[in-house]
Amino acid sequence: MPELPEVETVVQGLSLAVTGHSLSAITFHRDKIREEIPTQLFRELFEGQPVLDIFRRGKYIILRTDLGFGLIHLGMSGVLAVESKALPLPRHTHFTADIDSTSERLRFTDPRRFGRLGAVKNLNDSIWLSSLGVEPLIQKNLAGYLGKMAKNRKVPIKNFIMDSKILVGVGNIYASESLFDAGISPLRSANSLIKIEWLRLSRSIQSILKKAIKAGGTTLKDYRTSGGEMGYFVNELSVYGKKEPCMKCFHPIMQMRQSGRSTWFCSVCQK
DNA sequence: CGTAGCGCCTGCCGGC
DNA sequence: TGCCGGCAGGCGCTAC
């Protein structure tokens, strides 16, 4: 579900509500999501400790206290929200905590349970983070980096830019959108791109992610901002989920499967 | 080593 | 109306 822009939007939305406040009544409504939740450690790090910072690494949301870090991954259907304590809890809510000195609570809900909830004393301890590739909006000379990493990589370029060991944050929607924007076919093997194409693709990835962040992300179904609002980048999508003809050349947008995921593209504009 | 395929889960939608 | 297959913003494990 959420890709970099959605996670970034959630982090920005949580920042004011959570920073400087401590969590209490920390409750795990189940002790396993996809894997075991370190409930004891999480409580130890957060009970009574003010949250000093909230930030994002890849698609992970990270909260910091003096004692350590909490990590949250939204998977495909996860929602992390701040809302009134008085509201009833939705189905599939796995974690709640009261935000001290407010009438609000933090809630994590994830029907499909592909999400993750973790805790570590040091960020270096996290095996989840240690294998992550570069940040698309921070990496200097992204085109050069991607081109170098793509040597000997025959995987389709779409899979390559979605590989979180290479590049974080680009998921199924923004991979299709970036490749359309750059005019590159999702079927091309990663090692076939030439310098100018890496430049175009890098710029497309960065500009689309930035625009999507400004729009509050893309809501197809589950995704909501931390305040419960929809992300309206869905109105700016060019190919993903489009039944209408290509906005550039008016040929039909094609849909195909790549590694079990849906790819949307224009076979005329993307070469 | 790189790659393809499968599995993890629930919910929703369209076709029959 | 109800059932069934297919599909959904992710990612890690396996076999080759």
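Proteins get letters first, then strands, A, B, ... in listed order; numbering begins at 1 in each.
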A.B. asks: Quick check on A:K85: does its NZ atom have over 12 non-hydrogen neighbours (other residues, nucleotides or ligands) under 6.0 Å away?
C.D. replies: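 Yes, the 6.0 Å shell around NZ holds more than 12 heavy atoms from other groups.
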A.B. asks: Starting from the 5' end of DNA chain C, give me the residue, A:R257 or A:K165, whose nearest nucleotide shows up first.
C.D. replies: A:R257
A.B. asks: Please report the distance, rounded to the nearest Å, between CG in A:D110 and C1' in B:dG11.
C.D. replies: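 In whole Å, B:dG11 C1' and A:D110 CG are 12 Å from each other.
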A.B. asks: Could you tell me whether the side chain of A:Q49 and the main chain of A:S22 form a donor-acceptor pair under 3.5 Å?
C.D. replies: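 It does not hold such a pair.
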A.B. asks: Give the minimum heavy-atom separation between A:F42 and A:G118, together with the two atoms involved.
C.D. replies: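 Distance-wise, the nearest heavy atoms are CD1-O, 3.7 Å.
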A.B. asks: Among residues 113-125 of chain A, which ones have heavy-atom contacts with DNA chain C below 4.0 Å?
C.D. replies: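 DNA chain C contact set from residues 113-125 of chain A: A:F114, A:R116.
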A.B. asks: By side chain to side chain contact (heavy atoms under 4.5 Å, CB included), which residues pair with A:I138, not counting sequence neighbours?
C.D. replies: A:E135
A.B. asks: Any chance the side chains of A:Y145 and A:S202 put a donor and an acceptor closer than 3.5 Å?
C.D. replies: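 Short answer, no.
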A.B. asks: Can you figure out which of B:dA4, B:dC12, C:dG10 approaches the side chain of A:V155 most closely?
C.D. replies: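 From the listed options, B:dA4 comes nearest.
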A.B. asks: Determine whether the side chains of A:Y174 and A:E6 contain a donor N or O and an acceptor N or O closer than 3.5 Å.
C.D. replies: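 A pair is found: one side chain offers a donor N or O, the other an acceptor, under 3.5 Å apart.
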A.B. asks: Hey, does A:I99 have a side-chain heavy atom less than 4.5 Å from the side chain of A:L23?
C.D. replies: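 Yes, close enough: below the 4.5 Å cut-off.
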A.B. asks: Take atom CH2 of A:W128 and atom C1' of C:dC11, then tell me their distance rounded to the nearest Å.
C.D. replies: 12 Å
A.B. asks: Of the listed nucleotides (C:dC11, B:dA4, B:dG2), which one gets closest to any side-chain atom of A:R34?
C.D. replies: C:dC11
A.B. asks: Look at the side-chain N and O atoms of A:H73 and state whether any lies under 4.0 Å from the OP1 or OP2 oxygen of C:dC11.
C.D. replies: yes
A.B. asks: Without decimals, in angstroms, what is the distance between A:E35 CD and C:dC11 P?
C.D. replies: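 Computing the A:E35:CD to C:dC11:P distance gives 12 Å.
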A.B. asks: Would you kindly compare A:K32 and A:N152 by the position of their nearest DNA chain B nucleotide and give the one closer to the 5′ end?
C.D. replies: A:N152
A.B. asks: Would you say the side-chain atoms of A:T39 and A:D31 include a donor-acceptor pair closer than 3.5 Å?
C.D. replies: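 A:D31 and A:T39 do not have a side-chain donor-acceptor pair below 3.5 Å.
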A.B. asks: Taking 4.0 angstrom as the limit, do A:D163 and A:R153 come out as a salt bridge?
C.D. replies: yes
A.B. asks: Between atom CZ in A:R57 and atom P in C:dC11, what is the gap in whole Å?
C.D. replies: 12 Å
A.B. asks: Between B:dG11 and A:H92, is there an OP1 or OP2 to side-chain N/O distance shorter than 4.0 Å?
C.D. replies: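 So the side-chain polar atoms of A:H92 do come within 4.0 Å of the phosphate oxygens OP1 or OP2 of B:dG11, strictly under.
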A.B. asks: Calculate the interatomic distance between A:I72 atom CD1 and C:dG10 atom P; express it in whole Å.
C.D. replies: 18 Å
A.B. asks: For a quick test of reading the model: is some side-chain N or O of A:S262 closer than 4.0 Å to OP1 or OP2 of C:dA8?
C.D. replies: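 Indeed, a polar side-chain atom of A:S262 lies that close.
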A.B. asks: Quick one, A:S77 with A:D222, criterion side-chain hydrogen bond (donor to acceptor under 3.5 Å, both in side chains). Give me CA distance, side-chain angles, the key distance, then yes/no.
C.D. replies: CA-CA 6 Å; A:S77 58; A:D222 303 308; 4.9 Å; no
A.B. asks: When you compare B:dC9 with C:dT14, how far apart are their P atoms, in angstrom units rounded to a whole number?
C.D. replies: 16 Å
A.B. asks: If the plane angle is over 60° it's perpendicular, under 30° parallel, otherwise tilted; pick one for A:F28 and A:F95.
C.D. replies: tilted
A.B. asks: Among C:dG12, B:dG11, B:dT3, find the nucleotide with the atom closest to the side chain of A:P111.
C.D. replies: B:dG11
A.B. asks: For A:S164, report the nucleic acid contact type (base, sugar-phosphate, nothing); a contact means any heavy atom under 4.0 Å.
C.D. replies: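 No contact.
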A.B. asks: Select one nucleotide: of C:dA8, B:dA4, C:dG10, the one nearest the side-chain heavy atoms of A:M162.
C.D. replies: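 Of the options given, the side chain of A:M162 lies nearest C:dG10.
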A.B. asks: Within the pair A:K154 and B:dA4, is there a side-chain N or O less than 4.0 Å away from OP1 or OP2?
C.D. replies: no
A.B. asks: Measure from CD1 on A:I33 to C1' on C:dG12 and round the result to the nearest Å.
C.D. replies: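 In whole Å, C:dG12 C1' and A:I33 CD1 are 16 Å from each other.
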A.B. asks: Both distances under 3.5 Å, Watson-Crick or G-U wobble: on that basis, could you give the dot-bracket string for DNA chain B, with [ ] for crossing pairs and | for other-strand partners?
C.D. replies: .|||||||.|||||||
A.B. asks: How close or far is atom P of B:dC9 from atom CZ of A:R91, stated in whole angstroms?
C.D. replies: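 So the CZ-P distance, A:R91 to B:dC9, works out to 15 Å.
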A.B. asks: What about A:R112, does its side chain sit under 3.5 Å from the base of C:dA8 through a donor-acceptor pair?
C.D. replies: yes
A.B. asks: Between C1' on C:dG10 and CG on A:D222, what's the gap in Å once rounded to a whole number?
C.D. replies: 13 Å
